Trainee: 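My questions will all concern the structure given below.
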There are 2 protein chains.
Amino acid sequence: MLASVNASKNSAASLICTVDVVLLTLRERQLELLLLQREREPFAGAWALPGGYVHPQEDQDCEDAARRVLQHKLGLASPYLEQLASFSGPARDPRGWSVSVAYVALVPPPSGPLPLGQWRAVDRLPQLPFDHGRIVATALERVRNKSQYSSLPLHLCGEAFTLPELQAVYETLMGEPINPVSFRRKMDELGTLEPIPGAKRADGPHRPAQLFRRKAGREQGLGLLGRVINSG
Amino acid sequence: MLASVNASKNSAASLICTVDVVLLTLRERQLELLLLQREREPFAGAWALPGGYVHPQEDQDCEDAARRVLQHKLGLASPYLEQLASFSGPARDPRGWSVSVAYVALVPPPSGPLPLGQWRAVDRLPQLPFDHGRIVATALERVRNKSQYSSLPLHLCGEAFTLPELQAVYETLMGEPINPVSFRRKMDELGTLEPIPGAKRADGPHRPAQLFRRKAGREQGLGLLGRVINSG
DNA sequence: ACAATAGTGTCTATTAGACATTATGTG
DNA sequence: CACATAATGTCTAATAGACACTATTGT
């Protein structure tokens, strides 16, 4: 095509373009991320972020490539996915100068164990190949920061959840306890949640909690707060 | 090299990788961005964002490429620069499937007119080629949002500035008036500014304002606020 | 009935905005 | 000295946190 003609003379010809996904979930008050064992060189056998080459023939854009990776390698259909940042340079991949467009994906705690891959607590990760350590650090910073003023953590919950459960999610992400009265006020302010009529969840010998869900039409995207959620 | 061998069989061989920079400044309470007239096809002659191919031989990463573009095409040495996002797909560039890593750069209002390029008010832009319109929209959203809780707007001011001047910058970015008492409290809270002893600036028949500068060691990076700046 | 957590009402503390007052330059 | 804007003090309003109290389940 046209591309190679112009590109080659500008030294843009041989350059690797990949996507990497930091897939996060939250189980038992622990943030976990999914690692896959690499099948090929470089770093064959090492545990790394799910990722792969962009396929210009089939992908409409890099996000598409990230979704394809999640679908084909993990069977995940439509998780929450947002672009994180791009990482580039001559040394991050031993195959040569590369650009990786990194994404963050959030899923509710999987019921069964995934066929492939391994969930690892984010604060007990092995050494990661490439610059995946840096990508993960950037992702955690983003997710923790965005938890302060948005409904992002909702995407770590299933369809239905109680407010105490959701508060625990926020607390885990922010690393600090939240005042429950204030938390309820904030969730109300978000305007994203509605109680499921009649549905409650009990998890012990005490009053059961009201179940909530995202309001219709607010499943995607994020609700935003005018002010941050304060700890305390 | 190694790259092309592995890359080609994964259909990652012919893919265009560029950087684009949304270079912003603020003059007379107007946010302006720099457009360059394209010298080559595609869209030769059109006004577009400064940008260019990534040069794997010389660039250490995409940020480096963006700095090179600013330096070579505009003579800008070390403006504030942050990665915005990547834009990709088969149709955004007629040469073929492409990834552009976009950056936002902020500079104080240039004293002389730049030799090349044209400053345009961001709310009166021409139709832009490629997906530059979308990139600009994303950049403006980012800059406006970050102005609410960080010292980002400082990078649109020169070395020395008064608090009323800085407040005007914030107000232009946020599009709303700010309470001056509250603004001073916030700037104090940022901890990034210090008064320049004895230096004042008068711009009329009235009390002159104290000049401030960034504290030593805080020229780079951003100060962050615990809460947003409210309008009013 | 009791234990335990859900959920609410309300008081106090903190933070933000309004407004008055003082400060300090120019014409 | 009048005027205009800078800068600050202080009162009021809005928002957040603490804490007590009521609600509702399982055992």
Side-chain angles (χ1 to χ4, degrees), chain A residues 28-29 147-150 157 160-172 174-213 223-232, chain B residues 28-29 147-150 157 160-172 174-213 223-232:
Chain A
E28 324 226 326
R29 286 181 158 263
S147 298
Q148 297 184 322
Y149 61 86
S150 81
C157 293
F161 46 86
T162 70
L163 283 183
E165 282 164 9
L166 183 58
Q167 178 171 345
V169 172
Y170 272 88
E171 287 176 334
T172 303
M174 313 208 320
E176 308 219 45
I178 302 168
N179 180 304
V181 179
S182 196
F183 183 74
R184 277 159 193 277
R185 277 193 293 240
K186 289 291 186 183
M187 288 305 106
D188 196 52
E189 189 186 319
L190 262 182
T192 315
L193 305 184
E194 64 182 6
I196 305 172
K200 317 219 164 194
R201 175 178 298 163
D203 74 330
H206 52 77
R207 177 175 177 175
Q210 176 66 50
L211 282 166
F212 286 79
R213 65 182 165 217
L224 297 175
L225 289 168
R227 298 158 194 276
V228 301
I229 298 171
N230 298 283
S231 61
Chain B
E28 324 227 324
R29 286 181 158 264
S147 298
Q148 296 184 324
Y149 61 87
S150 81
C157 293
F161 46 86
T162 69
L163 283 184
E165 282 163 10
L166 184 58
Q167 178 172 344
V169 173
Y170 271 88
E171 286 175 338
T172 302
M174 313 207 321
E176 308 220 45
I178 302 169
N179 181 304
V181 179
S182 196
F183 183 74
R184 277 160 193 276
R185 277 192 293 238
K186 289 291 186 184
M187 289 305 106
D188 196 52
E189 189 187 317
L190 263 182
T192 314
L193 304 183
E194 64 182 5
I196 304 173
K200 316 217 166 196
R201 175 178 298 163
D203 74 329
H206 53 77
R207 177 175 176 177
Q210 176 67 50
L211 282 166
F212 286 79
R213 65 181 165 218
L224 296 175
L225 289 169
R227 296 157 195 277
V228 300
I229 297 170
N230 298 284
S231 60

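Since this is a predicted model, take the numbers as computed values, not measurements. Reminder, nothing fancy here: chain letters follow the sequence lines and each chain counts from 1.
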Trainee: What is the distance from CE of A/M187 to P of D/dA16, rounded to the nearest Å?
Mentor: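 After rounding, the reported distance stands at 12 Å.
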Trainee: Whole angstrom is fine here: how far is it from CD1 in A/I196 over to C1' in C/dA6?
Mentor: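 So the CD1-C1' distance, A/I196 to C/dA6, works out to 16 Å.
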Trainee: Looking only at heavy atoms, what is the nearest atom pair of B/P164 and B/R184, with distance?
Mentor: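 Taking B/P164 first and B/R184 second, the nearest heavy atoms are CD-NH2, 4.1 Å.
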Trainee: Using a 4.0 Å cut-off on protein heavy atoms (strictly under), produce a 5'-to-3' string for nucleotides 2-11 of chain D with B for base contact, S for backbone-only sugar-phosphate contact, and - for none.
Mentor: -BBBBSBB--
Trainee: Report the distance from atom CZ of B/R201 to atom C1' of C/dG25, rounded to the nearest whole Å.
Mentor: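 Answer to the nearest Å: 15 Å.
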Trainee: To the nearest Å, how far apart are A/E189 CD and D/dA14 P?
Mentor: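 Those two atoms, CD and P, are 15 Å apart.
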Trainee: Does a side-chain heavy-atom distance below 4.5 Å link B/T162 with B/D203?
Mentor: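 No, side chains not in contact.
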Trainee: Tell me whether the side-chain N/O atoms of B/N179 come closer than 4.0 Å to OP1 or OP2 in C/dA16.
Mentor: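 No.
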Trainee: Between A/E171 (side chain) and A/I178 (backbone), is there a donor-acceptor pair under 3.5 Å?
Mentor: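 Such a contact is found between A/E171 side chain and A/I178 backbone.
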Trainee: Return the value, rounded to whole Å, for the distance between atom CG of A/D188 and atom C1' of C/dA6.
Mentor: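 Rounded to the whole Å, the gap is 16 Å.
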Trainee: Is it the case that the side chain of B/E194 and the backbone of B/R213 share a donor-acceptor pair, with hydrogens and angles ignored and the cut-off at 3.5 Å?
Mentor: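 Checked: no pair found.
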Trainee: Using the C1' atoms of five pairs at each end, what's the angle between the two axes of the helix from C/dA1-D/dT27 to C/dG27-D/dC1, to 10 degrees?
Mentor: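 End-to-end axis angle for the helix from C/dA1-D/dT27 to C/dG27-D/dC1: 0°, rounded to 10°.
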Trainee: Using ring centroids (six-membered ring only for Trp), state whether A/F183 and A/Y170 fall under 6.0 Å.
Mentor: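 Under 6.0 Å, so yes.
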Trainee: Is B/K186 near enough to C/dA16 that one of its side-chain N or O atoms lies under 4.0 angstrom from OP1 or OP2?
Mentor: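 For C/dA16, OP1/OP2 do have a side-chain N/O of B/K186 under 4.0 Å.
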Trainee: Roughly how many Å is it from CZ in A/F183 to P in D/dA16, rounded to a whole number?
Mentor: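 Taking atom P of D/dA16 as the reference, CZ of A/F183 is at 14 Å.
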Trainee: Measure CD1/A/I178 against C1'/D/dG17 and give the value in whole Å, please.
Mentor: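 Whole-Å distance recorded here is 13 Å.
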Trainee: State, to 0.1 Å, how close A/L166 and A/C157 come at their nearest heavy-atom pair, and which atoms those are.
Mentor: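 Looking at all heavy atoms of both residues, the shortest contact is CD1-SG, 3.8 Å.
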Trainee: Are side-chain heavy atoms of A/F161 and A/I196 found at a separation under 4.5 Å?
Mentor: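 No; the side chains remain at least 4.5 Å from each other.
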Trainee: Considering non-hydrogen atoms only, spot the tightest contact between A/P208 and A/K200 and give its length.
Mentor: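 Looks like CB-CB, 4.1 Å.
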Trainee: Can you name the residues that form a side-chain hydrogen bond (donor to acceptor under 3.5 Å, both in side chains) with B/R201, not counting sequence neighbours?
Mentor: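 For B/R201 the side-chain hydrogen bond (donor to acceptor under 3.5 Å, both in side chains) partners, ignoring immediate neighbours, are B/E165.
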